[in-house]
Structure formats: structure tokens, C-alpha cells
Amino acid sequence: MSALKSVKGTYDLLPKDKAVHRHVSETARSVAERFGFNEAVTPIFELSEVFSRTLGETSDVVTKEMFSFETKGGDKITLRPEGTAGICRSFISNGLQQEVPVKHFYYGPMFRYERPQKGRQRQFHQVGIELIGVETPQADVEVIAAGYQFLKELGFADDVTLELNSLGDKESRAAYREKLVAYFSQFEDQLSEDSKNRLKTNPLRILDSKDEGDKVLVKDAPVLGECLNEASQAFYTAVKEGLDLLGVPYVENPRLVRGLDYYCHTAFEFTTTTLGAQGTVLAGGRYDDLIKMMGGPQMPGVGWASGVERLALMMGEGSVDLPRPIVVIPVSGDQQVEAMKLAHQLRCEGYIIDQGYSGNMKKRLNRANKANACAAILMGEDELARGCVTVRDLESGEQSEVSLDDLVTSLAKFK
RNA sequence: GCGAUUGUAGCUCAGUUGGUUAGAGCACCGGUUUGUGGUACCGGUGGUCGGGGGUUCGAGUCCCCUCAAUCGCCCCA
């Protein structure tokens, strides 16, 4: 009880629950591949500057959520809090501008030092895709459509809402920021403490403040859309038209902003009301200046990340079954060796075979039940003498004798 | 980082205004059944009551600290 436990914000994923997580990540991989994104794996830690230089020095992720440490050689290392920075670093390191457009899918653990809650852990998992090297809205449409298809194949088409906004290009955003700061500054003393800080660090975030007082002020705040210049306007329209064309439903949310500095133009979020405060299930946007900020070439990109734990939570415990084995049971100790040999042969033929290690037949059948086995192969002295075994269908209870020569083919229905 | 709630067996929980040896269901192990599972009945293992300190003749129960989880804020997937 007071023995060892996993550290705060981490947890053990046992096979039953992992089956659900795996279904989520495999679905993502499958959809990504159909959209032309193949899996890349980057290290789960990077030099700290990979994140601090790109996420924005004032972002919460950098100021309070990074898991950082120093190596014996004095390198400052950070466990990755998100996936995009690593993919972009890898793009630069490997000279991938030669192979543009680059389309990567990733899956793996991320780390954020924050207060754990349901659907929010210190070590958690994300799947994501990044499309690098395409500056036209076609890329945004494809990326968002892939995200929608992923959620749809998990069965969440009706549980999520796609919220869409445009942050505009650099010029538009700077103009808006100025307008916004001017507006809120007149009411500075009426703003919540949090928003007073946000006014200095990230004024856009005031727009989605949950403080009631702030909400009143936000209602009359200037809207980003008004500040979009012609090019940004056209880009946004093209994205919307593309989504309409593909039948991807969305809701425009002019107050949707991003926490990380590197986003521009398209920002989107798939949200759900079923997870309490952790409503965002898949989110992303366009990051045209990120790679340049990191010291690489000017290279546009767009992508998203999605929280595996949150989606697994939505799926529900036990919503995905573990593979069902066929169990090999020697009727008495005399058939133990034969059973082991047969189990091995069938495994080599591609069957999922379980075998008990002790106990009489009753106990072994009992365990077969608990393992959710679909069939049992009973090996008794009598039938072995005839070169046969008994195959019992554990679903129906029907059983019949099968000659060892025909066994592999007659088991096919249990595969 | 801030605020609130919770913490008794592997799991879900009971445990009166502080009072002897802390209970139940499920799960697990064994038996009824020495070649046939999921049912039923019987029996058994398992707890320093999250941890530490304090008040008291006496603490699972009251107080303080600490750890963890849950909910909300910040922020985010």
C-alpha cells in the first residue's frame, strides 16, 4: 500500500486499457497513411532551445511546464512537451527541404509538468501529422480533413465540433494585436488578474477567458476577422471552401486563438463537451515561420496533434477487446509434452495460442474462459491414440474430434 | 502555481455521538466434481484504515503536516 507507486501524473497502462489506446493510435496511423503521411520517430528529448526558442518564451509550456534536466556533459535537455518542434528540428537536421513536401505522422509520449487531472497527465501520448513545404490552403484542407476522418473512424463524428479561425499573416496579426491591446488597456482595471497578465504576455488569450467580467468586455472587443488583410482573407476563404467541398462540418469561432507563438493563418480545434475541462481532443494550425525561427529555411507547415488519453477516455474502458486465443489443454500430465509441441506448431501457423501451465482440465477450461478464448483443443490419451484431438467451440459448447492432419485447416474459422 | 473535495482488502464500498479482535460484495485460491468452462453451494487467503505527528484512558472516526487522486482556475492534447 505504502510501497512504490508511479510518480505523480504518470500511470501504468495494463493490456486491457492499452488495447483501447492502441486502437486509437492505430486508427490514426491508418488514416494518416491513406492521406500520404508516414510515421517518423524523433527522440523524446531534445536540447531545451528546440522548445524554448519556438514555443514562445512567455508561453506557459515554456515558463512552467517543461521537464528539463542537465546532462553530465552540461547539455540542457528537455523532455518534449509537444511533437511539432521535434519534427521541424528533424526536418532541418536531415536536410529534408530536398524532399518537400514532407508528410510525417508521429505517435509517442509527451511530457508536461502540470497539475494532473482526468485526461491530463504529466506523461501522456499524442498522435499527430505535419505537412511541411506547401504554402497553399489545399494543405490546410487536407490536414484538417485527415483529422476529421480520424475522429470519424473512432466513432466520434457526432461528439466533436470543429472550431475554425484564421489568425492571419504576420502583418494582420500585428495590426490586430495593437488594436486589441488598445481596446483592453482602457479597461485594464476591470480585467481579471489573469487577463491583466495576458495583456502583457499574450493579449489574444483574453478572448477566451472564462472570467465573467472579462467576458463582458470581450463581447465588444474588436474581432480578428476585421483586421485580416486581403491575402489572409483570401486564404481563409479558400480553406473554408475546401472544407465545404469535402463535407467537413465546422463552426467559425473568431475568438479561437493558440497558446503557442508559432501559429499563423489557420487555427482549428476539435472539441467535445464530454470530458469536462479537457474539451480539446485534436488541435492544430499553420506555422509558416517556425522552421525559419529554428534556423532553417523559410518553409511553411501545417499540422495537428491529438491526445490519445482523451480519446481513449471517450471510447470508454473495455471498448476494445484483446485478441481471443485458442487454448491447448492436455487432459492429464501425460499429454503435457504433446500439448507444448502442438501449441508451438499452431503458433507458427499464425494462430493465437494460449496454454495453461498447471491444473486439471476443469481449472484450465476455467482459465480459458477468463482469457476470453474462442476454442479449446483437448488432448486426451484416447483420441491421441487415434491421431486425433478434440476441438471444443467455447462459444457454443459444441465439440468434435479432428485428426491432427486436418487440424490446421479446421481451426481456420477461429482465426 | 492557486482553490475545493476525497483517501478503509486487488476493485466498489459499509463502519453509529471516538469504545474491545475493522466488515460486505466482486475478484483470487481451494472443495462439492480424478476427461469438460461460464451457474450454484461451502470454505480460505488478503488490511500497520494513504504516510507522519498530535489530542485522548482509548483514534478508521477529532486536529496539524505530508503524499496522491478527483473537480475547477491557469494553460493545454
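Every chain is numbered from 1, with letters handed out A, B, ... down the list of sequences.
When heavy atoms are screened at a 4.0 angstrom cut-off, Val281(A) is found touching the sugar-phosphate backbone but no base atom. Glu309(A) comes within 4.0 angstrom of no nucleic acid atom, judged by non-hydrogen atoms across all strands.
Of the P atoms belonging to rG50(B) and rA59(B), the separation is 15 Å, rounded to the nearest Å. Using C1' as the reference atom, rG31(B) and rU12(B) are 27 Å apart when rounded to the nearest Å. Taking the C1' atom of each, rG58(B) and rG3(B) are spaced 36 Å apart, rounded to whole Å. Straight-line distance between the C1' atoms of rA9(B) and rU48(B): roughly 14 Å, to the nearest whole Å. Straight-line distance between the C1' atoms of rG44(B) and rG60(B): roughly 26 Å, to the nearest whole Å. Of the C1' atoms belonging to rG23(B) and rC65(B), the separation is 30 Å, rounded to the nearest Å.
When rounded to the nearest whole Å, the span between CZ of Arg205(A) and P of rC74(B) equals 9 Å. Atom CD1 of Ile329(A) is separated from atom P of rG38(B) by 12 Å (rounded to the nearest Å). rC29(B) atom C1' lies 10 Å from atom NZ of Lys370(A), rounded to whole Å.
Taking for each of Thr280(A) and Glu381(A) the nucleotide of RNA chain B with the nearest heavy atom, the 5'-most of the two is the partner of Glu381(A).
Contact of Asn366(A) with rG37(B) (side chain to base): no donor-acceptor pair of N or O atoms is detected under 3.5 Å.
Contact between the side-chain N/O atoms of Lys363(A) and the OP1/OP2 oxygens of rU36(B) is not found at any separation under 4.0 Å.
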- [ ] Treat primed atoms plus P, OP1 and OP2 as sugar-phosphate and everything else as base, then score nucleotides 67-73 of chain B 5' to 3': B for base contact with protein heavy atoms under 4.0 Å, S for sugar-phosphate contact only, - for none.
- [x] SSSSSBB
